[in-house]
Amino acid sequence: MRRSHLLAAVRWVLAGLVLVAVTVALARNWAAVSGYLREVDGTALLLAGLLALASPPFTLLGWRTLLADLGTALPLPPAASVFFVGQLGKYVPGSVWSVVAQTEMGARLGVSRRRMGVVGLLTMGLAALTGVLAGLPALPLLLTRAGGQLSGWWIVAAGLLGCVLFWPRVLNAGIAVVLRVLRREPLEHDLGGRAVVTTAAWFLLAWLAAGLSVLTLAHTVAPEVPYTHLFTASVAGFALASSIGMFAVVLPAGFGVRDGALVLLLGSVMPVAAATAVVVLSRFLTVAADVLVAGAGWAWGRAHHLLGSRA
């Protein structure tokens, strides 16, 4: 218990330090950044917001596919309630709180905690892997911006490694090992290949929608940049930066890590101040989308007693 409290304190301290660092950096450059923020008109902001709002439902459909393949076919309303409310847990340092929340809500629907927990962790892993694969075109931009070089062979190797990790036999073997280490009973049956492919397709659509939201903002503040360059830095760049942020498990929703990586990527094709303005707006729209869908899920869950007496 003492170690748990210590780790929780460390996570909150790190999150606080990142927040302070981002705030200070933004304050120092606010004069330049605010100019670009004013260039974003209402139409572009609305379109970017709608695209950001489209991303969570695609992720939900992938999560629901995994859950159904493992034996629980939840109807869409309760599935949305469990998933969207639980997703707010990613904003708490530690990253696993979303899985914990989904597990507890799923238990009220009769879904075993083991199955819900496995699906939650699989969702995080597959989302990160699809993000890395979708972000591979932007990887040279990131490494060049950071002062490194990347051979094309490394890109191919990374893509092949991602495909291997997606292979159902590898996934099922990994699940079995983790459950054995945790001294839990194995799942009733293995995850099917069709479910993995379908889930990956839904997650790729989620990355595409979120990336197009960033692209809409980027094109508004830097219309002179060729569209192909913007597409790579925005769409592939958002997926790559978000995946990097997902590996920073001690920080809430990859805050600071994702934003810094995305500024680097966008800054390779536009002024850094413009890139910062895009990232600030993108982060706001992403959080707003998560809150909106979670609010709808909370309302349904509250009405159907999924949230408990201390909701």
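Side-chain atoms are counted along with the backbone in the values below, which use heavy atoms only and exclude waters and symmetry mates. Note that the coordinates shown come from a computational prediction; the quantities given were computed from them, not determined experimentally.
Side-chain contact between Val99 and Thr103 is present, with at least one heavy-atom pair separated by less than 4.5 Å. Between Val221 and Leu281, every side-chain heavy-atom pair lies at or beyond the 4.5 Å cut-off. At least one side-chain heavy atom of Thr286 sits less than 4.5 Å from a side-chain heavy atom of Arg258. With a 4.5 Å cut-off on side-chain heavy atoms, Met270 and Leu230 count as touching. Side-chain contact between Leu47 and Thr43 is absent, with no heavy atoms from C-beta onward closer than 4.5 Å. The side-chain heavy atoms of Leu51 and Leu215, taken from C-beta on, include no pair separated by under 4.5 Å.
Nearest approach of Ala54 to Pro57, heavy atoms of both residues: O-CD, 3.2 Å. Nearest heavy atoms, Ser55 versus Ala210: OG-CB, 4.0 Å. Closest approach of Leu265 and Ala241 over heavy atoms only: CD1-CB, 4.4 Å. The nearest pair of heavy atoms linking Ala101 to Gly86 is CB-CA, 3.8 Å. Across every non-hydrogen atom of Gly297 and Ser81, the tightest pair is O-OG, 2.7 Å. Pairing each heavy atom of Pro137 with each of Ala134, the nearest pair is CD-O, 3.4 Å.
Here Leu292 pairs with Leu53 under the side chain to side chain contact (heavy atoms under 4.5 Å, CB included) rule; sequence neighbours left out. Legend: residues meeting ring-ring contact (aromatic ring centres under 6.0 Å, His included) with Phe238, ordered by chain and number and at least two apart, are absent. Partners of Val197 by side chain to side chain contact (heavy atoms under 4.5 Å, CB included), not counting sequence neighbours: none found. Under the salt bridge (Lys or Arg N to Asp or Glu O under 4.0 Å) criterion, Asp69 pairs with no residue at all, not counting sequence neighbours. Every residue two or more places apart in sequence or in another chain that forms a side chain to side chain contact (heavy atoms under 4.5 Å, CB included) with Arg180 is listed here: Ala176, Val177. Ala127 is linked by a side chain to side chain contact (heavy atoms under 4.5 Å, CB included) to Phe203, Met246, counting only residues two or more places apart in sequence or in another chain. For Asn172, there are no side-chain hydrogen bond (donor to acceptor under 3.5 Å, both in side chains) partners, not counting sequence neighbours.
In this structure, CG in Leu266 is found 11.0 Å from OG1 in Thr232, a value given to the nearest 0.5 Å. Note that CG of Leu262 and CZ of Arg283 are 9.5 Å apart. Values are rounded to the nearest 0.5 Å. Atom CG of residue Leu45 and atom CG of residue Leu217 lie 7.0 Å apart, to the nearest 0.5 angstrom. For the atom pair Leu126 CG and Leu191 CG, the distance stands at 8.0 Å (nearest 0.5 Å).
Connection of Leu285 to Leu50 is not established within any shared hydrophobic cluster, with ILVMFWY side chains joined at heavy-atom distances below 4.5 Å, either directly or through further cluster members. Following chains of ILVMFWY side-chain contacts shorter than 4.5 Å, one cannot reach Val291 starting from Leu46, and the two form parts of different hydrophobic clusters. In the hydrophobic clustering of ILVMFWY residues, with side-chain heavy atoms under 4.5 Å counting as a link, Leu204 and Leu212 come out apart.
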Note to self: Go through it in stages, so that I can follow the logic: the residues are Val235 and Val214, the test is side-chain contact (heavy atoms from CB on, under 4.5 Å), and I'd like the CA-CA distance, side-chain angles, deciding distance and then a yes or no.
What the structure shows: CA-CA 7 Å; Val235 179; Val214 177; over 6 Å; no

Notebook entry, point to check: When you look at Leu61 and Leu205, which way does the side-chain contact (heavy atoms from CB on, under 4.5 Å) test go after all the steps?
Noted result: CA-CA 10 Å; Leu61 292 173; Leu205 285 174; over 6 Å; no

Notebook entry, point to check: side-chain contact (heavy atoms from CB on, under 4.5 Å) between Arg64 and Leu76: does it pass, once the steps are laid out?
Noted result: CA-CA 8 Å; Arg64 187 167 172 254; Leu76 194 57; 4.0 Å; yes

Margin query: Please determine whether side-chain contact (heavy atoms from CB on, under 4.5 Å) holds for the pair Leu60 and Val293, giving the CA-CA distance in whole Å, both sets of side-chain angles, and the decisive distance to 0.1 Å.
Written below: CA-CA 11 Å; Leu60 160 68; Val293 295; over 6 Å; no

Expected list for residues 109-123: side-chain donor-acceptor pairs under 3.5 angstrom, two or more places apart:
residue	atom	partner	partner atom	Å
Ser112	OG	Arg115	N	3.2
Arg113	NE	Glu104	OE2	3.2
Arg113	NH2	Glu104	OE1	3.1
Arg114	NH1	Glu185	O	3.0
Arg114	NH1	Pro186	O	2.9
Arg114	NH2	Glu188	OE2	2.9
Arg115	NE	Leu70	O	3.2
Arg115	NH1	Gly71	O	3.4
Arg115	NH1	Thr72	OG1	2.6
Arg115	NH2	Glu188	OE1	3.1
Arg115	NH2	Glu188	OE2	3.4
Thr123	OG1	Val119	O	2.8

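Under a 3.5 Å cut-off, the side chain of Ser234 and the backbone N or O of Gly211 do not form any donor-acceptor pair.
Residue pairs satisfying the side chain to side chain donor-acceptor pair (under 3.5 Å) criterion with at least one member in residues 204-230, sequence neighbours excluded, are listed as follows: Thr130-Trp207. Residue pairs meeting the ring-ring contact (aromatic ring centres under 6.0 Å, His included) criterion with at least one partner in residues 64-90, sequence neighbours excluded, are Trp63-Phe83.
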